[in-house]
Asks: 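Dropping the structure in here first, questions after.
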2 protein chains.
Amino acid sequence: MSKSIKHIFKETGSYKVNGSLWIDFGENHFFGPGRAELLERIDQTGSINQAAKQMSMSYKKAWEMITMLNTQARRPLVILHVGGERGGGSKITKEAKELIAFHRLLRERFTAFLEKETRNLEEL
Amino acid sequence: MSKSIKHIFKETGSYKVNGSLWIDFGENHFFGPGRAELLERIDQTGSINQAAKQMSMSYKKAWEMITMLNTQARRPLVILHVGGERGGGSKITKEAKELIAFHRLLRERFTAFLEKETRNLEEL
DNA sequence: AACCGTTATATATTGTAAAATATAACGATA
DNA sequence: TATCGTTATATTTTACAATATATAACGGTT
């Protein structure tokens with residue numbers, strides 16, 4: 001039987017339940033919002049470089065994230081091309097798109113959870 | 001219609017949905033696992049100092065957390081005593097205990113959410 | 001073979017959060 | 001009034017992650 005904790009708060013509506021969510025592989029980060037956005041931007045631009053710039057992220061960091069992703073997944077999520085026309089570029093795989101779609105639904109469920117718990121803060 | 005993403009993973013059972021959860025007050029952190037544990041240890045020891053030592057946390061950081069808590073809550077969650085017998089000490093209020101209890105139940109629901117989503121990673 | 005924009009990688013620099021250190025104030029007790 | 005362990009607070013130092021910088025390799029195109 002949990003009671004209301006409204007009386008602990010200063011003003012009603014100012015408090016909210018918040019959180020972050022990701023997928024671990026063993027002890028390491030595997031996938032989360034940052035990597036999802038990076039994959040999406042690589043998909044749009046065809047370039048790790050441009051994707052990183054859009055996110056105000058250093059190329060090095062983006063490259064490391066991609067390397068980790070490709071290492072931790074069964075098969076590569078990003079195919080990297082060095083040299084060639086336009087200097088090269090990168091493409092995300094079908095698996096990457098599936099993972100992004102799954103992740104989007106997971107986030108929606110998480111958002112719903114947070115909203116429900118925020119409502120629960122001031123009720124009961 | 002979400003399909004399984006099992007085929008993206010290297011080994012089954014190695015991936016899990018993980019996350020962190022807290023309560024915001026406006027733009028600022030208000031309450032989370034760290035502050036909950038700190039309050040509990042202050043309750044047990046009667047001292048911010050000892051509680052901080054138990055958590056391998058600097059006294060300064062613990063004191064700042066307590067100050068934020070007391071500022072952000074309607075009424076103080078910790079009563080601080082300077083000087084006197086045993087040099088002083090601190091006690092948590094009834095409201096603090098209520099908040100700890102509420103937080104415990106919130107964590108349990110969050111843990112259940114994470115476990116459900118982890119199961120969902122490899123099914124469907 | 002020169003060019004281009006990309007990927008690949010090492011090294012150096014910086015920014016900032018955490019920790020360490022130091023010191024004072026406090027007030028009941030003896 | 002001396003003691004004690006706590007709270008209170010400023011300053012210094014350290015650690016480390018993030019960033020910046022630099023350079024090379026690559027391979028289609030022209």
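Below, read A as the first sequence line, B as the second, and so on, with proteins coming before strands; counting in each chain starts at 1.
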Asks: Distance check needed: C:dA10 P versus A:Glu64 CD, whole Å only.
Replies: 10 Å
Asks: Whole angstroms only, please: what is the OH-C1' distance between A:Tyr59 and D:dT21?
Replies: 15 Å
Asks: Among D:dA10, D:dT7, C:dT7, find the nucleotide with the atom closest to the side chain of B:Lys60.
Replies: D:dA10
Asks: As a test of reading the structure: which of D:dT9, D:dT19, C:dT9 is closest to the side chain of A:Lys61, going by heavy atoms?
Replies: D:dT19
Asks: Just the rounded figure in Å: distance from C1' of C:dA8 to CE of A:Met68.
Replies: 17 Å
Asks: Flag the pair B:Glu123 and B:Arg119 as a salt bridge only when some basic side-chain nitrogen lies within less than 4.0 angstrom of an acidic carboxylate oxygen.
Replies: no
Asks: Indicate, with a heavy-atom threshold strictly under 4.0 Å, whether B:Ser58 touches base, sugar-phosphate, or nothing.
Replies: nothing
Asks: Looking only at side-chain atoms of A:Ser47, point me to the closest of C:dA25, D:dT9, C:dT6.
Replies: C:dT6
Asks: Considering only D:dT7, C:dT6, D:dT29, which nucleotide approaches the side chain of A:Gln50 most closely?
Replies: C:dT6
Asks: Please determine if A:Arg104 and A:Glu108 form a salt bridge, counting it only when a charged side-chain N lies under 4.0 Å from a carboxylate O.
Replies: no
Asks: Measure the distance from CD1 on A:Ile79 to P on D:dC26 and round it to the nearest whole Å.
Replies: 19 Å
Asks: Shortest non-hydrogen contact from A:Pro33 to A:Arg107?
Replies: CG-NH1, 3.6 Å
Asks: Side-chain N or O of B:Trp63 versus OP1/OP2 of D:dA8: is the shortest distance under 4.0 Å?
Replies: yes
